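For reference, the structure discussed in these notes is given below.
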Amino acid sequence: QVQLVESGGGLVQAGGSLRLSCAASGITFSVYTMAWFRQVPGKEREFVAAIHWSGTSTYYADSVKGRFTISRDNGKNTVHLQMSSLNAEDTAVYSCAASWKSTAQPITDPVRYTYWGQGAQVTVSS
């Protein structure tokens with residue numbers, strides 16, 4: 001049974017930082033590309049960041065580039081999203097997702113990802 005479990009969400013003031021973690025089980029973590037998406041009620045799911053299964057490449061949405069950092073720890077089957085300089089527009093439910101390494105769809109496309117976590121709420125107060 002595959003599980004992706006996010007943690008670290010919460011309420012933070014604008015300009016602050018927060019670190020999300022996603023613990024994976026039931027998959028061979030080292031051969032999965034991992035990503036973070038976010039969603040606000042009434043809007044489409046938005047790509048935030050991804051890290052290649054090899055760990056050699058990272059990808060970011062323009063809106064978070066320079067503020068967010070994605071990383072992975074294959075020894076702990078965990079992916080992290082370090083978020084800094086947060087603003088109200090970052091308020092959303094953040095979900096991690098896993099994609100088998102040979103999947104063809106673009107890394108920013110949610111269709112690419114087979115497994116999803118339940119999501120963690122991040123609220124930025126202004």
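Throughout, residue positions are numbered sequentially from 1 according to the sequence presented. For clarity, every value in this text was computed on a predicted model and none was experimentally measured.
With hydrogens and angles left out, the side-chain atoms of Thr33 and His52 include no donor and acceptor closer than 3.5 Å.
The side-chain heavy atoms of Gln39 and Ser95, taken from C-beta on, include no pair separated by under 4.5 Å. The shortest distance between side-chain heavy atoms of Leu81 and Phe68 falls below 4.5 Å.
In the hydrophobic cluster analysis, where Ile, Leu, Val, Met, Phe, Trp and Tyr join through side-chain heavy atoms closer than 4.5 angstrom, Phe47 is grouped apart from Leu20. Put simply, Val64 and Val93 are part of two different groups of oily side chains (I, L, V, M, F, W, Y) that touch within less than 4.5 Å, one to the next.
Annotation: Phe29 is not in aromatic contact with Trp53 [ring centroid separation under 6.0 Å not met]. For Tyr113 and Phe37, the gap between ring centers is short of 6.0 Å.
Residues in residues 83-100 take part in these salt bridge (charged side-chain N to carboxylate O under 4.0 Å, His left out) pairs, two or more places apart or across chains: Arg38-Asp90, Arg67-Asp90.
Remark: the backbone N or O of Ser54 is not paired with any side-chain donor or acceptor of Arg72 at under 3.5 angstrom. Between the side chain of Thr28 and the backbone N or O of Ser30 there is no donor-acceptor pair closer than 3.5 Å.
In the hydrophobic clustering, where aliphatic and aromatic side chains (Ile, Leu, Val, Met, Phe, Trp, Tyr) are joined below 4.5 Å either directly or transitively, Val5 stands alone. Taking Ile, Leu, Val, Met, Phe, Trp and Tyr as hydrophobic and joining them when side-chain heavy atoms fall under 4.5 Å apart, one finds Leu11 isolated, its cluster having no other members.
A salt bridge does not link Asp109 with Arg112: every distance from a Lys NZ or Arg NE/NH1/NH2 to an Asp or Glu carboxylate oxygen is 4.0 Å or more.
Tyr115 and Tyr32 have tilted rings, their planes meeting at an angle from 30° to 60° on a 0 to 90° scale.
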